[in-house]
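Written below as structure tokens is the structure these notes are about.
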Amino acid sequence: MANKTSFWLVKQEPSQYSWDNFVMDGETYWDGVRNYQARNNLQAMKKGDLVFFYHSVTGKDIKGIAKVTREAYPDPTSDDPRWVVVDLKPLKALTHPVTLEEVKIHKDLQEIALVRQSRLSVMPVTKKESRIILQLSKTSI
DNA sequence: GCCAACGTTGGC
DNA sequence: GCCAACGTTGGC
């Protein structure tokens, strides 16, 4: 993995758009973000960055990793120019999905935005946190 | 189903 | 510009 690669995490309710839907689509634009903080995170994504895909509400676990294939551009589902999307492509399903519970009990994941800011839907993940999540998931990239 | 944590809206 | 009221998200 390139050292400049940043990690992110996006949340989605699987009843609306699950990891399996995403894999079947092959590639998608990440639309519907209507929150400035989440939007700013989308805009900060660079092509090649890696994005954890989290199932909220049902499942509450990190299912897989996606790759940013196109940087932020205006949200085609909105007339409002403030909102943007990025293109994401599935990279790999996690061998072992990492549950919110596992994240919460890990002493080095106490500060992760997923726990601290439960309502944010697009958030940065530090390199250290990413390494731990990958370890917990028994997945290498 | 409840509620905490936020974000947004609108009256002043 | 403040703040109360309201709406939404998401964990429990």
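Side-chain atoms are counted along with the backbone in the values below, which use heavy atoms only and exclude waters and symmetry mates.
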Inset, instruction - Could you check A/L109, A/T139, A/V103 and say which one makes a side chain to side chain contact (heavy atoms under 4.5 Å, CB included) with A/V98? - result: A/V103
Which atom pairs link the protein and nucleotides 9-12 of chain C when you take only N or O atoms and keep those under 3.5 Å?
from   : atom 1 : to     : atom 2 : distance (Å)
C/dG11 : OP1    : A/Y54  : OH     : 3.1
C/dG11 : OP2    : A/V57  : N      : 3.0
C/dG11 : O3'    : A/K104 : NZ     : 3.4
C/dC12 : OP1    : A/K104 : NZ     : 2.2

Inset, instruction - Kindly calculate the angle separating the two end axes of the helix from B/dG1-C/dC12 to B/dC12-C/dG1, each obtained from five base pairs, and round it to 10 degrees. - result: 10°
Legend entry - Pairing residues for A/F53 by the ring-ring contact (aromatic ring centres under 6.0 Å, His included) criterion, not counting sequence neighbours: A/W19, A/F22, A/W30, A/H55
Legend entry - Of A/V10, A/N35, A/V122, the residue whose pairing with A/N41 passes side chain to side chain contact (heavy atoms under 4.5 Å, CB included): A/V122
Legend entry - Residues that A/R116 engages under side-chain contact (heavy atoms from CB on, under 4.5 Å), provided they are two or more places apart: A/E111
Inset, instruction - May I ask you to say whether A/D75 pairs ionically with A/R34, meaning some side-chain N is under 4.0 Å from a carboxylate O? - result: yes
Inset, instruction - Taking only Lys NZ, Arg NE, NH1 and NH2, and the carboxylate oxygens of Asp or Glu, determine whether A/K63 and A/D61 approach each other closer than 4.0 Å. - result: yes
Inset, instruction - Could you note down all residue pairs passing salt bridge (charged side-chain N to carboxylate O under 4.0 Å, His left out) where residues 14-29 of chain A supplies at least one of them, sequence neighbours left out? - result: none
Legend entry - A/Y29-A/R70 side chain donor-acceptor pair, cut-off 3.5 Å: no
Inset, instruction - Please work out which residues in residues 29-38 of chain A have a non-hydrogen atom less than 4.0 Å from an atom of DNA chain B and list them by number. - result: A/N35, A/Y36, A/Q37
Legend entry - Euclidean distance, A/S56 OG relative to A/E13 CD, rounded to 0.5 Å: 4.5 Å
Legend entry - Flag for A/Q43-A/E71: side-chain donor and acceptor within less than 3.5 Å: no
